[in-house]
Amino acid sequence: MNILLVSARRSAYTGESISAPHQGVLSLAAVLREGTFFDTRGVQVEVLDDQLFVIDRPWAPPSACLAGRNPDVVGVQVSTSSLKNGVRLLDEVRARFPKALTVLGGVGAGPLAAQLVENEEADVVVAGEAEVSFSQLIYLYEQKGRAALPEVQGITYLNGDGKAVQNPAPMPIHDFDALPLPARDLIDMDLYRRISRGRAGNLLTSRGCSYACSYCYSRHHWGRGQRNFSLDRVMHEVRVLVEEYGIDRIRIEDDDFLEQKKWVFDFCDTLEAAGYSRFVEWEMKARPDHIDEETVRRLRRAGCFRILMGVETLNPDLLKTVARPLKEGVLENALDHMRQGGIGVQATLILGIPGESDAAMRYTLQWLEERVDSRRHDIVSPCFFVPFTPQVQAAMSQQCDYTLEVHDTDCFTGHIPVTSSPACSLEELNRLYEDMAPTRRGKYQRIAHLAPLEEVQNRVSEEVAAGASPS
């Protein structure tokens, strides 16, 4: 049986075209090949990143990536903003391969599972952590076809009466050592390395987060709490990235890397002992209240060069409202520790949190500009508030008064405004967006602006002209 796994291409409104391997899709491919949870050994698995495809062939229609393939099952991973592109791709799959089973998964699909299957946009939607559910789906589908769907945990499908049925989810995975490494051999890691600006060496050391910020979808996707991979498992993956793929920059994608401090210190000690800290640099995400002098010292010694730290807003009342009660002094201390310890900061903030005025947002931007150094790794990364999923919309609506002004999910990227509140209109947010544009550098010097598609295509074209084929 032939399985095609696809990461859907990003929305045109994303604001970036830099692509990195998608860990979820690569993990699914790996557990299918290994038969980790069900005996799926022997199935043929292919992985396709449609974002890479569109970078290389910018005018290609969604169907172009299907040429030369004959899948029995097509699984498409989507975020909220890539959902429409994933649905379009599955439309093409049904037209070309009417017998193929179509599956959607990812944070953009799970919350809308019933709607997606009832609209016949996918045969099956897999919600949340997918390795067990998708493996069981493939195992049983190969034996029984669509008659197996009622037996598969964690999926939504249409029953014989045309009604959406959501099967109970499997237990969360706790023994991550049972998972094989992501199947990076199925993708072009060299191309990722050349165009991803240091993101090709991405990995996870944990899943989930123990906090419950109202605007975040993590707890709805992974469940509440953090589950860590073992240190041996993570170091094995680091060795593969460095020694087999030549990676010298690693991006740890955890929601909150510093939540388990002892694990982090053991990781740092192991990196140093292995000698990697001398030639491999790495970055990660962390809450400011987890950043202190000793932690920064240990991180820097182990090769950490930057921390992506959520600032969100300096309004303490708003932070308390969205279940993130951090004070300005905590943020300032974290920035001071990083500056003194030689670690850069990518300070992220959310513009347009319901209840925040234009003046308050500009105050936060200016406050960060004054405290972020001119070192090359220090940047300010603003995004706009987006209620990405129905669960987030419900959680925020209970806490804040806001209006969703733009309903096109292609726009749900964080790169552009889509909401308003009594404190700030959509027009004011759009003006702020314009003030942060690259042509307005006089206002905010340290704002990060992501590479447009044309720039990435030009970079690839130059390499092709120099003799390095991208495919």
Side-chain angles (χ1 to χ4, degrees), residues 1-9 11 22 24-25 28 32 38 40 48 50 62-63 66 71-170 217 220-223 387-394 407-410 412:
M1 187 162 67
N2 297 319
I3 314 298
L4 176 62
L5 299 176
V6 186
S7 293
R9 68 179 67 180
S11 155
H22 191 277
V25 168
L28 289 182
L32 289 178
F38 296 88
T40 52
L48 174 67
D50 201 24
S63 60
L66 301 173
D72 298 298
V73 179
V74 179
V76 179
Q77 180 277 332
V78 294
S79 63
T80 305
S81 61
S82 66
L83 174 59
K84 288 169 64 176
N85 283 334
V87 169
R88 291 187 191 103
L89 179 59
L90 289 186
D91 285 342
E92 297 289 343
V93 169
R94 280 187 289 274
R96 287 172 172 251
F97 316 108
K99 295 182 180 180
L101 185 73
T102 58
V103 185
L104 281 173
V107 296
L112 301 171
Q115 174 185 324
L116 290 167
V117 298
E118 286 173 353
N119 292 341
E120 299 184 349
E121 291 168 318
D123 296 319
V124 174
V125 173
V126 180
E129 192 171 58
E131 285 93 347
V132 173
S133 296
F134 194 71
S135 296
Q136 187 180 28
L137 173 65
I138 298 305
Y139 172 69
L140 292 175
Y141 181 74
E142 187 171 26
Q143 298 178 37
K144 304 179 182 180
R146 296 175 190 248
L149 298 184
E151 302 176 43
V152 180
Q153 303 173 86
I155 69 167
T156 300
Y157 66 99
L158 286 185
N159 65 15
D161 297 325
K163 303 294 184 182
V165 176
Q166 182 175 339
N167 291 348
Y217 57 76
H220 305 294
H221 185 72
W222 296 119
F388 286 103
T389 69
Q391 296 100 321
V392 173
Q393 291 177 26
H407 296 272
D408 182 354
T409 56
D410 274 359
F412 284 23

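Basis for what follows: all heavy atoms, side chains included, without hydrogens, waters or symmetry-related copies.
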Side chains of Val73 and Ile138 in contact at under 4.5 Å (non-hydrogen atoms): yes
Which distance, rounded to the nearest 0.5 Å, do you find between the CG of Leu83 and the OG1 of Thr409? 5.0 Å
Below 4.5 Å, heavy atoms only, C-beta onward: do Leu5 and Val74 meet side chain to side chain? no
Check ring pair (Phe, Tyr, Trp, His ring centres under 6.0 Å) between Tyr139 and all other residues, then give those that pass, not counting sequence neighbours. Phe38
Show the nearest heavy-atom pair for residues Val152 and Ser133, with the distance to one decimal. CG1-O, 3.6 Å
Check for a donor-acceptor pair, side chain of Ser82 on one end and backbone N or O of Ser79 on the other, with a separation under 3.5 Å. yes
What verdict does the side-chain contact (heavy atoms from CB on, under 4.5 Å) test give for Val125 and Ile155, after you've listed the backbone C-alpha separation in whole Å, the side-chain angles of each residue and the deciding distance to 0.1 Å? CA-CA 6 Å; Val125 173; Ile155 69 167; over 6 Å; no
Checking the side chain of Asn159 only, and the main-chain atoms of Val165 only, is there a donor and an acceptor separated by less than 3.5 Å? no
Can you find a heavy atom in the side chain of Val103 that is under 4.5 Å from one in the side chain of Val126? yes
Out of curiosity, Ser135 OG to Leu28 CG, how far, rounded to the nearest 0.5 Å? 7.0 Å
Assess whether side-chain contact (heavy atoms from CB on, under 4.5 Å) is satisfied between Ser11 and Lys84, documenting all intermediate values. CA-CA 8 Å; Ser11 155; Lys84 288 169 64 176; over 6 Å; no
Between Val78 and Val87, does the side-chain contact (heavy atoms from CB on, under 4.5 Å) criterion hold? Intermediate values first, please. CA-CA 9 Å; Val78 294; Val87 169; over 6 Å; no
Carboxylate-amine/guanidinium contact Glu151 Lys144, below 4.0 Å: yes
How far apart are the closest heavy atoms of Tyr157 and Pro150, and which atoms are they? OH-CA, 3.3 Å
Quick one: CD on Glu121 to CG on Leu116, what's the gap to the nearest 0.5 Å? 5.5 Å
Evaluate the side-chain proximity of Tyr141 to Met1: yes if any heavy-atom separation is below 4.5 Å, no if none is. yes
Set of residues satisfying salt bridge (charged side-chain N to carboxylate O under 4.0 Å, His left out) with respect to Glu142, sequence neighbours excluded: none
Side chains of Val6 and Leu89 in contact at under 4.5 Å (non-hydrogen atoms): yes
In terms of heavy-atom contacts, does CD of Glu118 have more than 12 from other residues, nucleotides or ligands at under 6.0 Å? yes
Could you check if a side-chain atom of Gln153 sits within less than 4.5 angstrom of a side-chain atom of Pro168, using non-hydrogen atoms only? no
Is Thr40 reaching over with its side chain to a backbone N or O of Leu32, donor-acceptor style, under 3.5 angstrom? yes
Give a yes or no on whether the backbone of Thr102 and the side-chain of Asp123 come within a donor-acceptor separation of less than 3.5 Å. yes
To the nearest 0.5 angstrom, please state how far the CG atom of Leu101 sits from the CZ atom of Arg94. 10.5 Å
Heavy atoms of Val392 and Pro387 approach each other most closely as CG1-CA, 3.8 Å
When rounded to the nearest 0.5 angstrom, what is the spacing between OG in Ser7 and CG in Leu48? 8.0 Å
To the nearest 0.5 Å, what is the distance between CG on Leu66 and CD on Glu92? 7.0 Å
Taking every non-hydrogen atom, the tightest pair across Pro71 and Ala100: O-CB, 3.6 Å
Ignoring hydrogens, what is the shortest heavy-atom contact between Pro170 and Val132? Give both atom names and the distance. CB-CG1, 3.9 Å
Ignoring hydrogens and geometry, is there a side-chain-to-backbone donor-acceptor pair from Asn85 to Arg9 under 3.5 Å? yes
Can you tell me if Asp408 uses its side chain to pair, donor with acceptor, with the backbone of Asp410 under 3.5 Å? yes
Val124 and Val117: CA distance, side-chain angles, deciding distance, side-chain contact (heavy atoms from CB on, under 4.5 Å) verdict: CA-CA 6 Å; Val124 174; Val117 298; 5.8 Å; no
Less than 4.5 Å apart, any side-chain heavy atom of Thr156 and any of Asn167? no
Donor-acceptor pair, side chain of Thr80 and main chain of Phe388, under 3.5 angstrom: yes
Taking every non-hydrogen atom, the tightest pair across Asp50 and Ala8: CB-C, 4.2 Å
